[in-house]
*Asks:* 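Questions regarding the structure given below will be posed in turn.
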Amino acid sequence: MNIERKSLPEEQRHMSWDIFVQDFPADVKRLEEIPPDFKPASLGKRSLIIEKIKDVAPTADFTNPAWGIIIGEGWSIEVNMSSEEDCKSFVFHVRGGDAAVCVVAAILQHLELRAADLQSSDFFVSGPRAIESFGKWRAYRDHVVKRFGG
């Protein structure tokens, strides 16, 4: 990877807002409705997923295909993928400003995938709901960093 975490702005070096992507049942409206015996399907080839991510975010750096990074003005998104070519799931680690939320939403829409917002313990829903969840996560992060240091 061409960028080191230490070169990111201070507020982006800390914890991340995490969005977990996998095959989710199309008919469930809340994560708690997923049947305990549900077996997610593969998302496809990692290389094809990376291609589609780069359709939306052409500057994404996947020098290490298992750990990509997308950097924008005032935000960053790390994309944690498996080292396997068959991709069963991946995670967006989001830091910085609200624009990153829009990038995540655009990538998910382009991939036609659903994701879990680990801050809210529910599905990621683009727009005001995602921005609100990201804001709550940032408030929590700021509290932790202030209390325990960064």
Side-chain angles (χ1 to χ4, degrees), residues 1-9 11-138 140-141 144:
M1 196 172 311
N2 294 336
I3 188 157
E4 295 181 37
R5 182 179 298 256
K6 66 184 178 188
S7 67
L8 294 172
E11 70 276 2
Q12 293 184 41
R13 290 186 218 161
H14 302 290
M15 308 174 316
S16 61
W17 181 54
D18 298 331
I19 305 298
F20 179 77
V21 184
Q22 74 165 36
D23 169 51
F24 288 105
D27 58 337
V28 300
K29 294 186 181 1
R30 301 186 51 80
L31 288 172
E32 61 200 23
E33 295 173 6
I34 298 172
D37 60 345
F38 175 72
K39 302 267 191 268
S42 169
L43 299 176
K45 292 193 176 287
R46 181 184 63 191
S47 56
L48 295 176
I49 293 169
I50 290 171
E51 249 180 65
K52 287 186 173 190
I53 290 172
K54 291 184 92 167
D55 286 345
V56 175
T59 61
D61 180 353
F62 280 93
T63 302
N64 175 352
W67 197 273
I69 188 160
I70 308 165
I71 302 227
E73 185 148 343
W75 57 266
S76 68
I77 302 167
E78 291 174 296
V79 187
N80 182 356
M81 304 181 97
S82 168
S83 59
E84 304 293 321
E85 181 59 20
D86 180 34
C87 186
K88 298 189 184 327
S89 64
F90 63 93
V91 181
F92 292 112
H93 301 286
V94 182
R95 296 176 183 87
D98 291 349
V101 179
C102 299
V103 174
V104 168
I107 291 170
L108 289 172
Q109 182 177 10
H110 188 60
L111 290 170
E112 299 179 351
L113 292 173
R114 295 173 81 188
D117 173 352
L118 301 182
Q119 148 63 32
S120 69
S121 299
D122 212 343
F123 285 111
F124 174 92
V125 178
S126 65
R129 192 162 136 191
I131 298 291
E132 178 184 357
S133 176
F134 190 41
K136 286 180 180 177
W137 171 81
R138 277 194 306 238
Y140 170 75
R141 177 211 55 202
V144 169

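When reading the values below, keep in mind they use all heavy atoms of this one structure, side chains included, and skip hydrogens, waters and symmetry mates.
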*Asks:* Does some side-chain heavy atom of F124 sit less than 4.5 Å from a side-chain heavy atom of S133?
*Replies:*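 Of all side-chain heavy-atom pairs linking F124 with S133, none is under 4.5 Å.
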*Asks:* For D122 and S120, which I'm curious about, is there any donor-acceptor pair between the side chains at under 3.5 Å?
*Replies:*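 Checked: D122/S120 side chains show no N/O donor-acceptor pair below 3.5 Å.
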*Asks:* Side chains of E78 and N80: does their closest heavy-atom pair fall under 4.5 Å?
*Replies:* no
*Asks:* Just wondering, do L31 and F20 contact through their side chains at under 4.5 Å, heavy atoms?
*Replies:* no
*Asks:* Using every non-hydrogen atom in the two residues, find where H110 and V56 come nearest and quote the distance to one decimal.
*Replies:*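 For H110 and V56, the tightest heavy-atom pair comes out as CB-CG2, 3.6 Å.
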*Asks:* Verify side-chain contact (heavy atoms from CB on, under 4.5 Å) between V101 and W75, making sure each step is shown before the conclusion.
*Replies:* CA-CA 9 Å; V101 179; W75 57 266; over 6 Å; no
*Asks:* Evaluate whether atom CD of E84 has more than 12 neighbouring non-hydrogen atoms of other residues, nucleotides or ligands under 6.0 angstrom away.
*Replies:* no
*Asks:* Taking the six-membered ring for Trp, is the centroid-to-centroid distance between W137 and F134 below 6.0 Å?
*Replies:* yes
*Asks:* Within this structure, what is the CG-CD1 distance for the pair L108 and I53, rounded to the nearest 0.5 Å?
*Replies:* 9.0 Å
*Asks:* Heavy atoms only: give me the nearest I19-A115 pair and the separation to one decimal.
*Replies:*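 That closest heavy-atom pairing would be CG2-CB, 3.4 Å.
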*Asks:* Count the heavy atoms of every other residue, nucleotide or ligand shown that sit under 6.0 Å from CD of Q109, and state whether that count exceeds 12.
*Replies:* no
*Asks:* How long is the straight-line distance from CD1 of I50 back to CG of D55, given to the nearest 0.5 Å?
*Replies:* 12.5 Å
*Asks:* In this structure, are over 12 heavy atoms from other groups packed under 6.0 Å from Y140 atom OH?
*Replies:* no
*Asks:* For the CE atom of M15 and the CZ atom of R95, what is their distance to the nearest 0.5 Å?
*Replies:* 10.0 Å
*Asks:* Can you find a heavy atom in the side chain of C87 that is under 4.5 Å from one in the side chain of M81?
*Replies:* yes
*Asks:* What pair of heavy atoms forms the shortest contact from Q22 to L43, and how long is it?
*Replies:*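 Closest heavy-atom pair between Q22 and L43: C-CD2, 3.7 Å.
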*Asks:* Return the minimal non-hydrogen interatomic distance between A100 and I77, and the atom names on each side.
*Replies:* O-CD1, 3.6 Å
*Asks:* Check D18 against H93 and note the closest heavy-atom contact, atom names and distance.
*Replies:*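 Looking at all heavy atoms of both residues, the shortest contact is OD1-ND1, 2.7 Å.
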*Asks:* Any side-chain heavy atom of F62 sitting closer than 4.5 Å to one from V79?
*Replies:*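 Contact flag for F62/V79 side chains = yes.
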*Asks:* Heavy-atom count around K52 NZ within 6.0 Å, excluding the residue itself: above 12?
*Replies:*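 For K52, atom NZ is not crowded (no more than 12 foreign heavy atoms under 6.0 Å).
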*Asks:* Do R129 and D117 sit within salt-bridge range, that is, some charged N less than 4.0 Å from a carboxylate O?
*Replies:* no
*Asks:* Would you find a donor on one side and an acceptor on the other, under 3.5 Å apart, between the side chain of R30 and the backbone of S121?
*Replies:*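 Absent.
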*Asks:* Nearest 0.5 angstrom please: N64 CG to I69 CD1, how far?
*Replies:*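 Between atom CG of N64 and atom CD1 of I69 there are 11.5 Å.
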*Asks:* When rounded to the nearest 0.5 angstrom, what distance separates CG in L118 from OG in S16?
*Replies:*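 These two atoms lie 9.0 Å from each other.
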*Asks:* Drop me the distance from R46's CZ to S83's OG, to the nearest 0.5 angstrom.
*Replies:*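 The OG atom of S83 is 7.0 Å from CZ of R46, to the nearest 0.5 Å.
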*Asks:* Would a 4.5 Å heavy-atom cut-off, applied to side chains only, mark I70 and I107 as touching?
*Replies:* yes
*Asks:* Closest heavy-atom contact between W17 and Q119?
*Replies:* NE1-CB, 3.3 Å
